[in-house]
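Everything on this sheet refers to the single structure shown next.
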There are 2 protein chains.
Amino acid sequence: MSKDPEYLAKLQDYYAEHRILPSFSGMGALVGMKSKSAVSAMVGRLIEAGYLAYAPDRRIQPERRFFEREIADTIQAGLPRPANDSQSEVCSIDEYLIDSPSRTVLLAIKGDSMIDAGLMPGDKVIVKKGAPAKPGDIVVAIVDNEFTVKYLEQDKTGFYLRPGNKAFPNIRAQDHLEVFGLVVGSFRKYV
Amino acid sequence: MSKDPEYLAKLQDYYAEHRILPSFSGMGALVGMKSKSAVSAMVGRLIEAGYLAYAPDRRIQPERRFFEREIADTIQAGLPRPANDSQSEVCSIDEYLIDSPSRTVLLAIKGDSMIDAGLMPGDKVIVKKGAPAKPGDIVVAIVDNEFTVKYLEQDKTGFYLRPGNKAFPNIRAQDHLEVFGLVVGSFRKYV
DNA sequence: CACACTATAGAACGATCGTTCTATAGTCAA
DNA sequence: TTGACTATAGAACGATCGTTCTATAGTGTG
């Protein structure tokens with residue numbers, strides 16, 4: 001029925017490329033509309049639906065739902081997708097991975113000491129600074145003035161760090177173990 | 001000397017909040033300038049320095065350097081430098097991983113057939129539908145009406161799918177291999 | 001000190017902005 | 001069919017846009 005999803009997709013693509021949204025006439029050219037009033041109406045609908053919003057200076061900014069990404073339906077893999085895909089599930093990656101931006105930092109994995117945990121060299125881990133960690137969690141600790149990502153473990157002598165790779169030894173701090181933060185997620189980009 | 005870094009920081013903060021950049025007069029209000037010509041000059045300097053650029057409709061868009069974060073972000077008093085120095089960090093993971101939203105879907109990994117590739121059950125992969133794939137790439141193929149994530153490989157008899165786990169066999173389609181898309185990234189959340 | 005250089009202020013300009021109005025085309029239900 | 005509703009086109013409007021000019025203040029050099 002409505003072509004709004006198609007328009008939204010074009011705005012999302014434009015945004016992914018330029019990191020800003022175009023003006024109304026720019027949007028018209030982008031989605032193939034010839035009148036700004038049509039663009040204005042469409043923008044109104046997308047605002048109503050939670051995809052766009054007004055910035056303080058009345059420019060249009062993307063809203064929460066603008067960054068929702070579609071999750072492929074495993075069941076219907078082979079079948080052509082029905083046109084009314086309003087049912088399809090969505091996920092906002094940033095919201096999914098980060099719940100407290102101010103306490104969150106990213107760190108790149110170096111070496112393959114956590115390879116069995118699925119953390120490969122170059123992967124980025126999402127670290128929640130100062131979050132409480134318990135044995136079995138993956139943490140970022142400070143060893144010899146460097147960040148290191150390892151499993152946090154505990155035995156009768158206290159806490160220690162266990163690599164996710166049998167070829168590496170456990171690390172036990174002499175006095176006390178300094179945990180920088182908790183690893184709450186990771187991500188990776190293929191070239 | 002120059003207050004440009006301070007101005008840039010305010011623009012970055014504004015962008016982080018609104019995901020767009022304001023107009024020249026908006027920028028002036030943001031950074032405390034009273035004339036648009038000063039803003040224009042500043043924008044010119046930031047463009048020259050690679051932080052900003054012109055979008056097709058002459059709006060200002062952020063450039064690559066705009067998203068680099070100071071290493072100081074992860075330094076705290078008394079703490080060592082992060083191990084990933086000189087690596088630029090990205091504000092939005094979504095924007096880092098997805099460059100063509102309309103062609104992108106997410107898919108959850110099932111089973112451990114790609115465990116050696118660092119893809120564990122429950123991980124989400126970012127799939128670029130219809131993107132060209134070459135041998136060695138990780139792809140999403142449709143086998144028996146279900147999505148499957150495997151390495152795409154090629155030998156003298158043609159293309160086949162190779163799991164990232166020696167315990168699983170290669171998959172060779174009888175007639176032709178249906179590749180749904182290319183895996184361009186992945187992410188994972190720890191409980 | 002004089003001089004060169006830079007950053008900002010302020011004003012003027014045409015271009016473009018977003019809003020708002022009316023009009024047209026299409027769809028759906030009765 | 002008629003009527004209600006929606007989406008788009010087109011035009012007009014004042015507001016705002018970004019550019020460009022001159023002028024002023026500050027800074028560093030010699």
Side-chain angles (χ1 to χ4, degrees), chain A residues 1-15 17-66 81-87, chain B residues 1-66 70 102:
Chain A
M1 178 94 348
S2 170
K3 290 159 75 181
D4 283 354
E6 168 194 330
Y7 299 150
L8 175 63
K10 289 186 176 170
L11 289 177
Q12 287 169 326
D13 283 349
Y14 183 95
Y15 186 86
E17 181 176 359
H18 297 291
R19 305 285 182 225
I20 54 164
L21 291 172
S23 65
F24 276 31
S25 53
M27 291 186 197
L30 186 65
V31 306
M33 282 175 173
K34 290 177 182 172
S35 79
K36 285 191 293 179
S37 63
V39 175
S40 179
M42 173 198 67
V43 168
R45 295 193 298 272
L46 291 179
I47 288 176
E48 189 67 23
Y51 292 103
L52 299 174
Y54 281 108
D57 62 351
R58 299 221 24 103
R59 287 200 169 189
I60 304 299
Q61 69 174 71
E63 254 292 27
R64 208 167 149 266
R65 295 196 65 192
F66 191 84
R81 295 182 41 77
N84 70 346
D85 48 346
S86 55
Q87 311 282 33
Chain B
M1 178 87 350
S2 171
K3 291 158 78 181
D4 283 354
E6 168 193 333
Y7 299 150
L8 176 63
K10 288 187 176 171
L11 289 177
Q12 287 168 328
D13 285 348
Y14 184 94
Y15 187 88
E17 181 176 359
H18 297 291
R19 302 259 164 229
I20 54 164
L21 292 172
S23 65
F24 276 31
S25 53
M27 290 186 196
L30 187 65
V31 306
M33 282 175 173
K34 290 176 182 172
S35 78
K36 285 191 292 179
S37 62
V39 176
S40 178
M42 174 197 67
V43 168
R45 295 192 299 271
L46 291 179
I47 288 176
E48 189 68 23
Y51 292 102
L52 300 174
Y54 280 108
D57 62 350
R58 302 226 12 109
R59 287 199 169 191
I60 304 299
Q61 69 174 66
E63 260 291 12
R64 176 158 297 276
R65 290 195 66 188
F66 187 86
E70 290 299 321
S102 67

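In what follows, chains are A, B, ... by sequence order, proteins preceding strands, each numbered from 1.
- When rounded to the nearest whole Å, the span between CD1 of A:I20 and C1' of D:dC17 equals 14 Å.
- Put simply, CE on B:M27 is 17 Å from C1' on C:dA7, counting in whole angstrom units.
- Remark: C1' of C:dA7 and CG of B:D4 are 9 Å apart, rounded to the nearest angstrom.
- Taking A:E63 as the reference, A:A53 meet the side chain to side chain contact (heavy atoms under 4.5 Å, CB included) condition, with sequence neighbours excluded.
- One can place NZ of A:K34 at 7 Å from P of D:dA9, the figure rounded to the nearest angstrom.
- The interatomic distance linking A:L21 (CG) with C:dG18 (C1') rounds to 15 Å, in whole Å.
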Could you pull out the protein-nucleic contacts involving nucleotides 19-21 of chain D (nitrogen or oxygen on both sides, under 3.5 Å)?
residue	atom	partner	partner atom	Å
D:dT19	OP1	B:Y54	OH	3.0
D:dT19	OP1	B:R58	NH2	2.9

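- The closest donor-acceptor contact from the side chain of B:Y15 to the backbone of B:F66 lies at 3.5 Å or more, if one exists at all.
- For the pair B:V39/B:S25, no side-chain contact is recorded, criterion being any heavy-atom separation below 4.5 Å from C-beta on.
- For B:K10, the NZ atom counts as densely surrounded, since its 6.0 Å shell holds more than 12 non-hydrogen atoms of other residues, nucleotides or ligands.
- Take the nearest nucleotide of DNA chain C for B:D57 and for B:M42: the residue whose nucleotide is more 5' is B:M42.
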- Message: Using the rule given for side chain to side chain contact (heavy atoms under 4.5 Å, CB included), can you reason through A:L21 versus A:L52, listing the C-alpha separation, both sets of side-chain angles and the distance that settles it, and then say yes or no?
- Response: CA-CA 10 Å; A:L21 291 172; A:L52 299 174; 3.9 Å; yes
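- Each of C:dC17, C:dT8, D:dT8 was ranked by its minimum atom distance to the side chain of B:M33; first place goes to C:dT8.
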- Task: Before giving the answer on side chain to side chain contact (heavy atoms under 4.5 Å, CB included), spell out for A:L46 and A:I60 the whole-Å C-alpha distance, their side-chain angles and the decisive distance to 0.1 Å.
- Result: CA-CA 11 Å; A:L46 291 179; A:I60 304 299; over 6 Å; no
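- Closest to the B:R59 side chain, of the nucleotides C:dT8, C:dC17, D:dA7, is C:dC17.
- Across C:dC17, D:dA7, D:dG10, the shortest atom-to-atom separation from the side chain of A:R45 is found for D:dA7.
- Side-chain nitrogen and oxygen atoms of B:S23 include at least one within less than 4.0 Å of the OP1 or OP2 phosphate oxygen of D:dC17.
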